[in-house]
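These figures come from a predicted structure and were not determined experimentally. Read the numbers this way: they start at 1 and go in the same order the structure lists the ligands and their atoms.
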Amino acid sequence: MDKKLSLVVPVFNEQEVMPESFRRTRDAMETIGYPYEIIYIDDGSRDGTWDILCQIAAENPQVTALRFSRNFGHQPAVTAGMDAAEGDAVIIMDADLQDPPEVIADMVKAWEQGADIAYGKRLKRHGETVMKKLTAWCYYRLLSAMSAYPIPLDTGDFRLLDKAVADRFRELREHNRFLRGMSAWMGYNAVPVEYVRHERAAGKTKYSLKKMLKLAADGIFGFSSKPLSMITYVGAGVLVAALAGIVITTACAATVGAAGWLWGLWILAALDGMILLCMGVQGEYMQRIYDEVQGRPLYVVKERIN
Ligand code: UDP
Ligand code: MG
């Protein structure tokens, strides 16, 4: 079998973890038995990461290292690696060994059995703060409730994509990227591979709170227009309530009596409802512009006969 695997690993200030990360990754890849390449993308590291990558690449011809001119972020780094990957399957993995390289063998097995996408599903998360686990738990559930496409719960970017899927992926050039959402958007035959997410082997998280919030927002706004429809619903609700208020107040005024300022209140509320409704309508146009600007293909053809 001369199919080739491409492993894409984004790295940002990971000098503490790189040597061990490479050793374990190489051992795991050797065990699988396919020819392989490892593509490291240095996302503008400011520590000794690049020197370590240069040394690893010099000693291992199957390793390619790319260096960004500055920190562009994890998702662009993964994209650069996928653009450079030449394999029949592309695997995306973090450098910090939280995604155990040994799990790749299971993903490859799923791929051999016909999976187009094999995504890592976290059974447990070790060594992360209660806060991180709780926010992640809530976020994944919110995301899957909001998204128009089923985005699997408790999965990150750790996954294997068949070449056909990776090729389609390369055509998606949207700027606010959320890879696991894009992967779900594409459909195909996606199979979960369960694993236990471990502690970082060394160093601290490179995902600052700001980067994390940006990613979370990209997930929701890039794959759901529900926030917009919510504005419309709230506006319509407020308007209906205000109109009902006017009717009830008028009826009361004719019988038991009502304070005059109540009309003023309901009219203000009705205007607020109308403003919200108008914002919802504008949002619908913005959503359509956003769809056009994202430029995703209209459809993805998986197979064709004749
Ligand atoms: N990373 C990156 N650019 C960034 C932030 C992170 O390339 O701006 C890499 C990082 O080196 C690691 C992966 O993305 O290989 C995941 O980051 P990290 O482990 O810090 O995130 P966490 O697991 O804490 O969410
Ligand atoms: Mg990590």
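Set against the non-hydrogen atoms of G73, the atoms of ligand 1 under 4.0 Å away are 3 (N), 8 (O). Within ligand 1, counting atoms from 1 as listed, the ones closer than 4.0 Å to a heavy atom of V11 are 7 (O), 11 (O). Listed by number with element, the atoms of ligand 1 under 4.0 angstrom from any heavy atom of A95 are 15 (O). Taking a cut-off of under 4.0 Å to the non-hydrogen atoms of Y207, the atoms of ligand 1 that pass are 17 (O), 20 (O), 21 (O). Ligand 1 places these atoms under 4.0 Å from at least one heavy atom of Q98: 19 (O), 22 (P), 23 (O). Applying the 4.0 Å criterion to heavy atoms of R197 picks out, from ligand 1, the atoms 23 (O).
For ligand 1, one of its N or O atoms has an N or O atom of F12 under 3.5 Å away. Residue A77 has no N or O atom closer than 3.5 Å to an N or O atom of ligand 1.
Within the 4.0 Å heavy-atom criterion, the part of N71 lying near ligand 1 is the side chain and not the backbone.
Put simply, no part of E128 is less than 4.0 Å from ligand 1, judged by heavy atoms. Using a non-hydrogen distance threshold of 4.0 Å, M93 does not register as a contact of ligand 1.
The residue among K206, R200, Q75 with a heavy atom at the shortest distance from atom 5 (C) of ligand 1 is K206. Considering K132, E14, R125 only, the shortest heavy-atom separation from atom 25 (O) of ligand 1 involves K132.
When you scan the N, O or S atoms of D96 for the one nearest the Mg ion (ligand 2), you land on OD2.
Regarding atom 3 (N) of ligand 1, its nearest protein heavy-atom neighbour is D43 OD2, 2.6 Å. Nearest protein neighbour of atom 8 (O) of ligand 1, counting heavy atoms only, is K211 NZ, 2.8 Å.
In this pair, F223 and Y149 present their aromatic rings perpendicular. The plane angle is above 60°, beyond the 30 to 60° band.
Ring centers of F12 and H74: at least 6.0 Å apart, outside the cut-off. Not less than 6.0 angstrom separates the ring centroid of F221 from the ring centroid of Y290.
In summary, T205 places no N/O/S atom under 2.8 Å from the Mg ion (ligand 2), failing the contact criterion. Using a cut-off of 2.8 Å, one finds that D99 contributes no N/O/S atom close to the Mg ion (ligand 2).
Salt bridge D167/R170: present, at least one basic N to carboxylate O contact under 4.0 Å.
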